[in-house]
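In listed order, ligands and their atoms are each counted from 1. For reference, positions follow the sequence shown, starting with 1. The analysis underlying the following values was restricted to heavy atoms, covering all of them including side chains, and did not include hydrogens, waters or symmetry mates.
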Amino acid sequence: MDLKQIISHCKEYGFIFQSSEIYDGLSAIYDYGPFGVELKNNIKAHWWKSMVQEHENIVGIDSAIFMHPSIWKASGHVDAFNDPLIDNKDSKKRYRADSLIEDELSKYQQKINKEIKKAEKRFGENFDLTTFQTTNPRILKYNDKIASIQSQLEHALKNNNMNSLKKIIDELEIRCPISGTSNWTDVRKFNLMFDTKMGAVSNDASKLYLRPETAQGIFVNFLNVQKSARKKIPFGIAQIGKAFRNEIVARQFIFRMREFEQMEMQFFVKPGDEIKWYDFWKDARMKWHKNLNLHLADYKFHDHANLAHYANAACDIEFRFPIGYKELEGIHSRTNYDLSQHQEFSNKKLSYFDAEINDSYLPYVVETSVGLDRLFLSILCGSLVEEQVKNDQRIVLKLPPHLAPVSVAILPLIKKDGLNDKARTVFNHLKSKFTCHYEEKDSIGKRYRRQDAIGTPLCVTIDHDTMHSEKVTLRNRDTMDQVHVSIDNLETVIKEKLGI
Ligand code: ATP
């Protein structure tokens, strides 16, 4: 299915709505509807169980969205996201527009140096550098060019004029070092972080940021958690929480949002052990995704060739979305960069005393970071299928049963002759054991189709026979097989079929 079909399915069946829709929507912000919130909660619970509860050496936290503003200075977010940026459309590489221009200027300087070297050779002992520099027409031309560009650059930066920066790039015909083309976007100055004010006094001291990643809440709590949970290295801290980024490119439904949720785990290891653990988590996370056993799923690794300055290994797990292979999860070996930055900026020691070697060190960190909403989208894309059944078509959301928003739908064949009362009795018995849904409106065929579209793995139908046989019909979403099961045995059979 293409992204358009997925978006309309999400709206029709109450999974996802555009935020503020009646006010024409808010771009790249989405609300989860009744079935969407159930699916999202189930995904979170599954991640938490497998990452935290099933690992003796991983604990969770829930840190606040607002943090001390110095945290974002230490992490590099305040400075690194505050540049005039430009993207090359062919290589998809993003650059600081001012650095591109400065690099170009240095090429002119190199040309000048070359001219000087040539002249030195030619004139030998008689060479006079000052005279040459002030009279040689080529050098004069290059120097004029440098001076003119430098003044334009300074002027544009001083006035925050992004159009002027773009004009300079165009005039100099600057090319992308990777693609070799000058197919550029416009220049934009932006910081990806949203900011807001705390308290009544409006000055810079009260400026706060909405966190652009959950990881920093883990780094700054590293010692609190290590000491209170009495953890020894290697151990991990996990967190699920909202993150906010003022994304520039935000046109791909819940793939790229301005408000989203991350599920991150920072694993603290002894320096030198990080690549071993990086390989371990790379493998474990890929297995985790594959174990979801989606109906249609295609994953691959994308190893990063160009590493961020703080990383010594990094890769993405990519999923084949309808828009192509795209990052679903990042696995990064981030050295001790974050802890050492926080140690420096806070002036508090963050080192760990390792009793085994009787020495202290700043641990290295391997992180796994997956976007909950992106994972939600990958699960939808891997589960939503259109099937031909006899002369009809049906849309089925073949979700893994443990993630389905509704596990069992209880459906009386008709809403009279006591069938509805009987169905309610069955519903009341099962509702504390499974996520159940009672529905009596529309024909049974239509109700089955609706449950298929929501992804409900099992439907229980109460018909006239049930009234004397005490048996119900249990319908399987994927095979559409129907079996009769006695009400007494229903709970056990459902558990078996759901695999729980
Ligand atoms: P991208 O390159 O797609 O912008 P990123 O490399 O900036 O992503 P990270 O900072 O590594 O992403 O964040 C970890 C994970 O958080 C990503 O793998 C992705 O699943 C999720 N994520 C990041 N940005 C967004 C967003 N704007 N909307 C939804 N999920 C996001």
Side-chain angles (χ1 to χ4, degrees), residues 3 7 10 16 18-19 26-32 36 40 43-44 47 51 72 75-77 80-81 85 87 91-94 188 190-194 209-219 238-267 278 281-282 285-286 288-289 292 299-311 313-321 323-334 337-338 365-382:
L3 196 59
I7 296 171
C10 282
I16 296 168
Q18 172 75 60
S19 157
L26 194 57
S27 160
I29 318 270
Y30 292 90
D31 297 335
Y32 285 80
K40 192 172 160 187
I43 298 172
K44 274 195 231 188
W47 184 87
M51 290 297 282
W72 304 111
S75 68
H77 285 83
F81 287 161
L85 298 179
D87 295 329
S91 68
K92 310 268 183 283
K93 287 281 166 198
R94 178 169 284 180
R188 310 174 202 93
F190 69 96
N191 186 303
L192 279 179
M193 288 195 292
F194 287 97
Y209 297 101
L210 273 73
R211 64 180 178 199
E213 62 176 29
T214 54
Q216 299 304 325
I218 289 178
F219 291 127
Q239 161 156 242
I240 301 178
K242 288 264 184 178
F244 304 83
R245 292 183 191 179
N246 196 1
E247 297 281 2
I248 296 299
V249 187
R251 286 186 300 269
Q252 294 153 328
F253 191 42
I254 57 166
F255 179 81
R256 191 174 298 286
M257 302 156 89
R258 296 203 164 101
E259 174 180 342
F260 58 101
E261 265 178 276
Q262 285 186 317
M263 304 198 289
E264 296 198 292
M265 193 278 297
Q266 268 69 36
F267 202 70
Y278 168 76
W281 283 111
K282 197 175 154 181
R285 292 304 301 155
M286 181 60 105
W288 186 90
H289 287 284
L292 289 174
Y299 303 93
K300 66 174 189 187
F301 283 117
H302 169 231
D303 293 311
H304 290 199
N306 297 324
L307 296 171
H309 60 284
Y310 52 80
C315 71
D316 300 331
I317 293 177
E318 293 188 338
F319 178 84
R320 187 140 67 94
F321 289 98
I323 46 176
Y325 280 105
K326 299 271 174 196
E327 174 178 343
L328 172 62
E329 169 155 0
I331 295 138
H332 312 124
S333 172
R334 332 182 30 138
Y337 175 79
D338 301 87
V365 173
V366 175
E367 76 173 358
T368 71
S369 175
V370 62
L372 173 55
D373 313 83
R374 245 181 230 189
L375 182 58
F376 185 110
L377 184 62
S378 74
I379 290 171
L380 274 186
C381 296

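Ring to ring, F260 and F244 are not that close: their centroids are 6.0 angstrom or more apart.
The closest side-chain heavy-atom distance from F255 to I323 is below 4.5 Å. At least one side-chain heavy atom of F219 sits less than 4.5 Å from a side-chain heavy atom of R334. Two residues are said to be in side-chain contact when any heavy atoms from C-beta on lie closer than 4.5 Å; M263 and T368 fail this criterion.
Contact annotation: E213 has no heavy atom less than 4.0 Å from any atom of ligand 1. For the ligand labelled ligand 1, residue L328 lies inside the 4.0 Å heavy-atom shell. Within the structure, ligand 1 has H332 among the residues with a heavy atom less than 4.0 angstrom away.
Ranking the protein heavy atoms by distance from atom 29 (C) of ligand 1 puts F255 O, 3.3 Å first. From the protein, the heavy atom lying nearest to atom 13 (O) of ligand 1 is Q262 NE2, 3.3 Å. Looking only at protein heavy atoms, the nearest one to atom 14 (C) of ligand 1 is S369 OG, 3.0 Å.
The nearest non-hydrogen atom to atom 24 (N) of ligand 1, considering only F260, F376, F319, comes from F260. Nearest-residue assignment for atom 27 (N) of ligand 1 (options R245, H304, M257; heavy-atom criterion): M257. Nearest-residue assignment for atom 1 (P) of ligand 1 (options E264, E261, R256, E329; heavy-atom criterion): R256. Scanning M263, R374, E327 for the heavy atom closest to atom 2 (O) of ligand 1 points to E327.
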| task | Apply salt bridge (Lys or Arg N to Asp or Glu O under 4.0 Å) to E318 and K326, showing your working. | result | CA-CA 5 Å; E318 293 188 338; K326 299 271 174 196; over 6 Å; no

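Checking only distances, R258 never comes within under 3.5 Å of ligand 1, N or O to N or O. For ligand 1, none of its N or O atoms has an N or O atom of V370 under 3.5 Å away.
A salt bridge links K44 with E261: at least one charged nitrogen is closer than 4.0 Å to a carboxylate oxygen. Between K282 and D303, at least one side-chain nitrogen of the basic residue sits less than 4.0 Å from a carboxylate oxygen of the acidic one, meeting the salt-bridge criterion.
Atom numbering of ligand 1 starts at 1 in the shown order; those under 4.0 Å from a heavy atom of G330 are 18 (O).
Note that CD1 of I254 and CG of L372 are 8.5 Å apart. Values are rounded to the nearest 0.5 Å.
Applying side chain to side chain contact (heavy atoms under 4.5 Å, CB included) to E329 and the options E264, H289, M286 leaves one that passes, H289.
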